[in-house]
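Comments concern the structure below.
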Amino acid sequence: MILLDDFLIRAALAGIGVALAAAPLGCFVVWRRMAYFGDATAHASILGVALALSFDVSVFAGVLATALAMATTVSALAGRGYAMDTLLGVLAHSSLAFGLVAVSFLQGVRIDLMAYLFGDILAVGRADLAVIWGGAALVLGLLWWRWSALLTATLNPDLAYAAGIDPRREQMVLTIALALVVAVAIKVVGVLLIAAMLLIPAAAARPFAATPERMAVIAALLGMLAAVGGLQLAFALDTPAGPSIVCLAAALFAASSLTGLLLQRRRG
């Protein structure tokens, strides 16, 4: 427990926990082309912060409830007269705007809005670590339990129906997992950067993955590397920690894309 007194150790553990949860889930986000879905769910979490502070409940609980409500609403409204990208765009930006307005009405409550928008990983405490790793364990357990069904429903919904798998149920499993990731990641990278931690490690892993399982493992490793390396960069360069983590993840994506192109040319 003495090690946890060092704020950098706590920050690194928090980053690793978020990466373990976000990166494998991000593979499904990439495969299903749900990038904007994750962004909309993350944006809604600011409204959850405002509601949690208004009713004096846990911020984690407020963010989780709001993210679940947003994801469920999008799933229910999809295909009912609006294109998915239009629907997600309206809900993402309107929920963020309503959340920011709601925060401005809070009386007698001091809130660091920048910390929720861009993360404050250096302020992570022991209780936050318990929430992050507990949420990560739930997400990984959910993915482990439903991996085969999720993969089948992602690759071929018709084949899933033939195998007795309901794609809508698997979509709900992803929705729950996504809401959990948003709730545990808001303290680390913030609302505006959560989608980046979902997408970038998974996209960076794609050129090196021969199987879906390998892609999930590589994505998790790249996410952890970005988290720990980004913290070191932030400490060395005196830059914001959350954005530094995402910048390093983006650099890893650029390097993996270039490597993938070179390998394709050699094989060709």
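Rounding to the nearest 0.5 Å gives a distance of 9.5 Å between SG of C27 and CG of L143. In this structure, the separation between CG on L140 and CG on L180 is 10.5 Å, given to the nearest 0.5 Å. The OG1 atom of T152 sits 4.5 Å away from the CD1 atom of I165 when rounded to the nearest 0.5 Å. Atom CG of N156 and atom CG of L151 lie 11.0 Å apart (nearest 0.5 Å). The structure places CG of L100 at 9.5 Å from NE2 of H43, a figure rounded to the nearest 0.5 Å. Atom CD1 of residue I9 and atom CG of residue L129 lie 10.5 Å apart, to the nearest 0.5 angstrom.
Residues P201 and A219 approach most closely at CB-O, 3.5 Å, considering heavy atoms. Considering every non-hydrogen atom in both L193 and P243, the closest pair reads CD1-N, 3.6 Å. Taking all atoms of both residues into account, the shortest heavy-atom contact from G135 to V184 is CA-CG1, 3.8 Å. Here the closest heavy-atom approach between residue T66 and residue L51 is recorded as OG1-CD1, 4.3 Å. Smallest separation of non-hydrogen atoms from V30 and A203: CG2-N, 4.3 Å. Here the closest heavy-atom approach between residue A183 and residue V63 is recorded as CA-CG1, 3.6 Å.
In this structure, P207 and T259 have side chains that are not in contact, with every pair of non-hydrogen atoms separated by 4.5 Å or more. No side-chain heavy atom of P240 sits under 4.5 Å from any side-chain heavy atom of F118. The shortest side-chain heavy-atom distance between S244 and L231 does not fall under the 4.5 Å cut-off. Using a 4.5 Å cut-off on side-chain heavy atoms (C-beta onward), L174 and L25 make contact. At least one side-chain heavy atom of I121 sits less than 4.5 Å from a side-chain heavy atom of I245. In this structure, Q171 and R32 have side chains that are in contact, with non-hydrogen atoms separated by less than 4.5 Å. Residues V191 and V182 form no side-chain contact, since every pair of their non-hydrogen atoms from C-beta on lies 4.5 Å or further apart. Between L20 and I16 there is a side-chain heavy-atom pair separated by less than 4.5 Å.
With a 6.0 Å radius and a threshold of 12 heavy atoms from other residues, nucleotides or ligands, F98 has its CZ atom at or below the threshold. More than 12 heavy-atom neighbours from other residues, nucleotides or ligands sit within 6.0 angstrom of OH on Y161.
By the rule that hydrophobic residues join a cluster once side-chain heavy atoms approach within less than 4.5 Å of another member, V57 and V59 end up as members of separate clusters. Connection of V228 to M197 is established within a shared hydrophobic cluster, with ILVMFWY side chains joined at heavy-atom distances below 4.5 Å, either directly or through further cluster members. One hydrophobic cluster holds both L178 and L64 under the rule that ILVMFWY side chains link at heavy-atom gaps under 4.5 Å. L258 and I200 fall into different hydrophobic clusters, where Ile, Leu, Val, Met, Phe, Trp and Tyr are joined by side-chain heavy atoms under 4.5 Å apart, directly or via other members. Grouping the Ile, Leu, Val, Met, Phe, Trp and Tyr side chains by contacts below 4.5 angstrom, directly or via other members, places L117 apart from L47.
Remark: the backbone N or O of L13 is paired with a side-chain donor or acceptor of W133 at under 3.5 angstrom. Checking side-chain atoms of S45 against main-chain N and O of G48 turns up no donor-acceptor pair under 3.5 Å. Although no hydrogens or angles enter the test, the distance criterion places a donor-acceptor pair under 3.5 Å between the side chain of R10 and the main chain of V124.
Residues in residues 9-30 take part in these ring-ring contact (aromatic ring centres under 6.0 Å, His included) pairs, two or more places apart or across chains: F28-W31, F28-W147. Among residue pairs with one or both ends in residues 135-146, those qualifying as salt bridge (charged side-chain N to carboxylate O under 4.0 Å, His left out) are R146-E170; sequence neighbours excluded.
Residues satisfying the side chain to side chain contact (heavy atoms under 4.5 Å, CB included) test with S257, not counting sequence neighbours, are F253.
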